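These notes are about the structure you will find just below.
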Protein chains: 2
Amino acid sequence: MAAVSIRDVAQHAGVSVGTVSNVLNRPGEVSAESVRRVQEAIETLGYVRNDAARKLRAGVSTTVGFVVLDGQNPFFGDVVRGAEDEGSKSGIAILYGNTDEDPKRERMYLDLFEEQQVRGVLISPYGDINPRLERLRARGIAAVLVDRFSGDGRFSSVSVDSVTGGRMAVEHLIATGRRRIAFVGGPFEIRQVTDRLAGARAAAENAGEHVDLEVVATDALTVADGAAAGARVMARPRSERPDAIFAANDLLALGLLQALTVEGRTLVPDEIALIGFDDISFAAAAAVPLSSMRQPSRMIGRTALRILLEETADPELIPRQTVFQPELVVRASTTPRR
Amino acid sequence: MAAVSIRDVAQHAGVSVGTVSNVLNRPGEVSAESVRRVQEAIETLGYVRNDAARKLRAGVSTTVGFVVLDGQNPFFGDVVRGAEDEGSKSGIAILYGNTDEDPKRERMYLDLFEEQQVRGVLISPYGDINPRLERLRARGIAAVLVDRFSGDGRFSSVSVDSVTGGRMAVEHLIATGRRRIAFVGGPFEIRQVTDRLAGARAAAENAGEHVDLEVVATDALTVADGAAAGARVMARPRSERPDAIFAANDLLALGLLQALTVEGRTLVPDEIALIGFDDISFAAAAAVPLSSMRQPSRMIGRTALRILLEETADPELIPRQTVFQPELVVRASTTPRR
DNA sequence: AAAACTTTATGAATCGATTCAGGCTCGATT
DNA sequence: AATCGAGCCTGAATCGATTCATAAAGTTTT
């Protein structure tokens with residue numbers, strides 16, 4: 001418990017505590033000699049700033065909270081990594097919370113972050129979270145929505161156009177000759193899921209000819225749920241199966257891929273084409289390399305954190321919506337071997 | 001900035017600040033009436049405890065730092081998730097830092113966590129980190145090594161027996177008839193890598209007959225490095241290639257799997273058997289389902305956090321090493337189709 | 001040489017929760 | 001009636017960094 005405080009440093013350097021604080025925070029206003037002496041004292045005593053005291057007095061925090069929908073999903077791993085990179089430029093650390101699509105956990109983490117008085121919150125929300133975020137804002141804690149468009153414009157957001165992404169995915173399936181398409185995804189409390197489905201519907205309706213679009217609902221966006229959905233599809237007689245599946249994310253798609261096999265032979269892509277969403281790094285390495293809608297995940301994280309810091313620096317800023325466009329990545333899972 | 005402090009609550013409830021604090025921290029010593037009034041005041045004013053002030057005065061923190069070697073690796077995602085689960089039981093949040101095998105970043109995060117005066121630190125270290133951790137300990141911050149055995153017993157650790165894992169993996173390769181084995185992994189600053197190699201060497205030496213074991217070094221444990229290593233192997237004449245590869249982790253193995261193809265046909269497992277380490281959830285969904293050494297990743301995280309909390313509660317505790325055994329998971333990548 | 005600035009340093013007040021020595025009430029004990 | 005103790009409450013002191021009004025020293029201007 002060798003608690004070395006700023007007072008000890010001041011004493012050792014033969015200056016006042018105010019001067020030490022100035023060396024730490026605005027070295028320009030201190031003489032070179034004092035800076036040298038203080039720095040030497042810091043060195044020899046092994047002084048480390050007490051962030052709690054700093055936060056208490058100055059009201060500034062060096063942590064940002066990040067509430068993530070699904071920590072297991074490499075997509076969010078990449079997003080967090082982007083935020084982390086951007087944060088480390090300015091000494092910001094990430095307080096991390098994984099909700100696993102559970103509103104209770106979501107609330108818990110927001111409470112925790114409020115107690116911590118984080119500088120701001122990045123959140124990929126489950127359901128409607130605005131009232132809770134408004135309250136944080138009233139306390140001076142900004143929030144930026146990640147991977148979710150802020151419909152009412154009350155908060156800044158960084159997202160990918162999921163509707164367009166859904167449309168592009170299904171257009172691709174139609175272009176490669178598929179007509180009986182299934183959308184696999186859920187729960188529908190997650191906005192990205194409904195958006196991707198909406199885009200898929202639009203594509204099906206605007207196709208020149210008739211296209212079936214059925215919805216296979218899942219409880220969560222995981223590999224296991226994908227496999228379960230795939231098993232349900234496989235349980236049907238062959239003629240009633242879709243000839244293409246658009247999965248709401250790559251985890252579901254990888255699960256589906258595992259399930260869509262008969263006697264060791266996969267039905268993908270010949271009988272059933274399969275496309276996912278996110279283009280996580282494992283999509284390319286899948287049993288059948290997976291076509292997917294790529295999101296610039298790392299850039300989403302970087303951008304979200306940058307906007308958050310800008311907004312906390314200047315609270316006058318008006319919320320702004322940043323929307324990236326997804327990119328179609330075609331691989332074997334939608335390319336029939338002739 | 002409606003900063004509601006304990007003072008406001010006290011005033012509203014008509015009691016002193018001391019009483020409010022007591023209601024918050026030891027409600028048993030306060031009359032039922034006071035508890036009621038204070039709670040009502042907290043409710044109506046929307047009071048939230050200021051963790052910075054609490055930390056400053058009481059010296060207790062509700063955050064734990066977690067320094068992770070590679071945030072992109074789903075294995076660590078699982079470990080973090082385990083720690084998070086265990087922490088949320090007692091209102092502990094995770095401050096997250098990803099070093100990406102960079103000692104500078106590792107130091108940066110430890111500095112940051114020290115400033116934050118976290119309750120303790122979980123770390124999967126790169127290279128030798130003991131002196132730095134000793135310093136944290138002197139400051140009252142405990143540390144538990146994750147996924148790394150603490151050789152000198154100075155700190156508690158939770159890990160998997162990597163030597164045994166390496167041995168089991170190579171024994172499996174030998175048992176399925178392979179004799180020219182390559183170990184792909186690096187950098188050797190990472191203890192797990194050297195341990196797995198040591199295990200592999202032991203297996204090769206103790207095999208009844210002669211077994212070749214070559215080492216193909218990589219710069220990092222990523223899919224990209226695995227692919228690069230695979231390309232180097234493929235550049236050799238066919239007769240000089242190994243007939244089995246043990247990759248230091250699954251990311252490398254997945255990269256290798258991508259590289260080990262000739263004209264669209266994979267050499268795995270017929271010409272080259274391939275086994276990884278970690279059994280991340282994507283191993284099963286790979287192009288050729290990947291054999292791997294499974295680690296109980298989530299349990300590692302839970303256990304590490306539990307031990308950390310126990311140690312911070314009672315500093316007298318002696319460091320202890322928890323070692324789980326890995327489990328061989330055989331899939332197609334080491335099972336030759338006859 | 002006096003006046004007017006600059007530059008730099010000082011140290012007390014402050015942030016909000018916790019702690020703890022001391023005080024008050026009221027019923028029980030002597 | 002005096003004393004004691006239990007139960008509860010009070011409020012000042014405290015944690016460590018920052019801030020800011022004030023002062024001291026040094027430099028330039030008149």
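Quick note on labels: first sequence line is chain A, next is B, and so on, each numbered from 1. Values in this document were obtained by computation on a predicted structure and should not be read as measured data.
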* Asked: Are OP1 or OP2 of C:dA9 and a side-chain N or O of A:S16 less than 4.0 angstrom apart?
  -> no

* Asked: So which heavy atom on B:Y47 is nearest to which on B:S5, and how close?
  -> CE1-C, 3.7 Å

* Structure fact -> When every non-hydrogen atom of B:F66 is compared with those of B:A83, the smallest separation belongs to CE1-CB, 4.0 Å

* Taking A:S157 for the side chain and A:Q321 for the main chain, is one N or O donor matched with an acceptor at less than 3.5 Å? -> no

* B:Q117 side-chain N/O to B:G59 backbone N/O, donor-acceptor pair under 3.5 Å -> no

* Pairing residues for B:M299 by the side chain to side chain contact (heavy atoms under 4.5 Å, CB included) criterion, not counting sequence neighbours -> B:P296, B:R302, B:T303, B:F324

* Asked: Just how far, in rounded Å, is C1' of D:dC8 from CD of B:E33?
  -> 13 Å

* To do: With DNA chain D as reference, determine whether B:N22 or A:V20 sits nearer its 5' end, using the nearest nucleotide of each.
  => B:N22

Tabulate protein N/O versus nucleotide N/O from nucleotides 13-17 of chain D, keeping only pairs under 3.5 Å, one per line.
residue : atom : partner : partner atom : Å
D:dT14  : O2   : B:R57   : NH1          : 2.8
D:dG16  : N2   : A:A53   : O            : 3.4
D:dA17  : OP1  : A:Y47   : OH           : 2.6
D:dA17  : OP2  : A:I6    : N            : 2.3

Check the interface with nucleotides 5-8 of chain C: list each N/O to N/O pair with the protein under 3.5 Å, or write none.
none

* Tell me yes or no: between the side chains of B:S156 and B:E311, is some donor less than 3.5 Å from an acceptor? => yes

* To do: Quickly, which of B:D8, B:V30, B:I6, B:N25 forms a side-chain contact (heavy atoms from CB on, under 4.5 Å) with B:V20? Name it, please.
  => B:I6

* Asked: Rounded to the nearest 0.5 Å, how far apart are CZ of A:R119 and CD1 of A:I92?
  -> 4.0 Å

